[in-house]
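Note: hydrogens, waters and symmetry copies are ignored here, and every other heavy atom, side chains too, is used. Nothing fancy with the numbering, it's 1 onward along the sequence.
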Amino acid sequence: MMGDSGNLAAASSGIMSVSSLASGFAQSQAIRAQADYEQQQANTNARLAELNAEQTLKKGEKEAQAHKRKVSGLIGAQRAALAGQGVDIGTGSALAVQEETAVQGVVDEATIRNNAYREAWGLKFQAEEYRSKGRFAQISGRASARSTLLTGGLQSLAYGAEGFGKYYSAKEDKAKEK
């Protein structure tokens, strides 16, 4: 009778061993899938940040060109107004006003481009940060998956050893009864 309970305990330990191993494997696969998903999301976010950076540079260039045209129009309006008043537009303070407007226009163009460049640089930095987070998620996920699989395997071995011990002990007890 003692042998039957030993066999039952050994079988129970065997079932627990297989269950532990299967559970560890399933958890490790889920952890890997989560890490893959996080890396994919990070890469998507990085690509979107890069696209935004490109759009920012294009927008900055368009704004700079529009400002340049506006300044050219302003200088033309200044020349027309001055000439309409009979002022020589090629000398003296009339020329100085036009030159100051042109210089300020160039400075403003450079500022517009510089601001767009800085914003784009920030977006590119953000893209690299997303990629780093994705790589870290992948590395961390794989390490966690290996750890989970190892833990499940070790626990499976422990249950197997426990079952073997119970089986062997029951077998010895049965042999002593004879």
Please determine which of Gln41, Gln40, Gln34 meets the side chain to side chain donor-acceptor pair (under 3.5 Å) test together with Glu38.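 Of Gln41, Gln40, Gln34, side chain to side chain donor-acceptor pair (under 3.5 Å) with Glu38 is met by Gln34 alone.
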Taking all non-hydrogen atoms of both residues into account, name the closest pair between [X] and [Y] and its distance.
| X | Y | result |
| --- | --- | --- |
| Gln126 | Ala49 | OE1-CB, 4.3 Å |
| Ala35 | Gly141 | CB-CA, 3.7 Å |
| Gly105 | His67 | O-CD2, 3.7 Å |
| Ala116 | Gly60 | CB-CA, 3.6 Å |

Kindly determine whether Leu74 and Gln78 satisfy side chain to side chain contact (heavy atoms under 4.5 Å, CB included), including the steps that lead there. CA-CA 6 Å; Leu74 177 60; Gln78 288 172 338; 4.2 Å; yes
Supply the members, apart from Ile75, of the Ile/Leu/Val/Met/Phe/Trp/Tyr cluster built from side-chain contacts under 4.5 Å; use none for a lone residue.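 Members other than Ile75 - counting any ILVMFWY side chain reachable under 4.5 Å - are Val71.
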Which pairs count as ring pair (Phe, Tyr, Trp, His ring centres under 6.0 Å) when at least one residue sits in residues 89-124, sequence neighbours excluded?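 Found Trp121-Phe125.
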Just do the salt bridge (charged side-chain N to carboxylate O under 4.0 Å, His left out) check on Glu129 and Lys133 with the steps written out, would you? CA-CA 6 Å; Glu129 189 174 314; Lys133 285 181 180 180; 3.7 Å; yes
Gap separating the [atom1] atom of [X] from the [atom2] atom of [Y], nearest 0.5 angstrom:
| X | Y | atom1 | atom2 | result |
| --- | --- | --- | --- | --- |
| Lys58 | Thr56 | NZ | OG1 | 11.0 Å |
| Gln55 | Leu48 | CD | CG | 11.5 Å |
| Gln138 | Asp36 | CD | CG | 4.5 Å |

Just wondering, are more than 12 heavy atoms of other shown residues or ligands nearer than 6.0 Å to CZ in Arg135?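 Atom CZ in Arg135 is crowded, with more than 12 foreign heavy atoms closer than 6.0 Å.
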Pairing residues for [X] by the side chain to side chain donor-acceptor pair (under 3.5 Å) criterion, not counting sequence neighbours:
| X | answer |
| --- | --- |
| Glu54 | none |
| Asn115 | none |
| Arg113 | Glu61, Glu109 |

May I ask you to say whether Lys70 pairs ionically with Glu63, meaning some side-chain N is under 4.0 Å from a carboxylate O?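 Salt bridge absent between Lys70 and Glu63.
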Heavy atoms, side chains only, cut-off 4.5 Å: are Val107 and Gln104 in contact?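 Sidechains of Gln104 and Val107: in contact.
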Could you tell me if the side chain of Glu50 sits less than 4.5 Å from the side chain of Leu123, heavy atoms only?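 No, every pair of side-chain atoms sits at 4.5 Å or beyond.
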Check whether any side-chain N or O of Gln98 sits under 3.5 Å from a backbone N or O of Ala94 as a donor-acceptor pair, and report yes or no.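 At least one qualifying donor-acceptor pair exists.
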Side-chain polar contacts of residues 80-92 - donor-acceptor pairs under 3.5 angstrom, sequence neighbours left out - could you list them?
from, atom 1, to, atom 2, distance (Å)
Asp88, OD1, Gly90, N, 3.2
Asp88, OD2, Thr91, OG1, 3.2

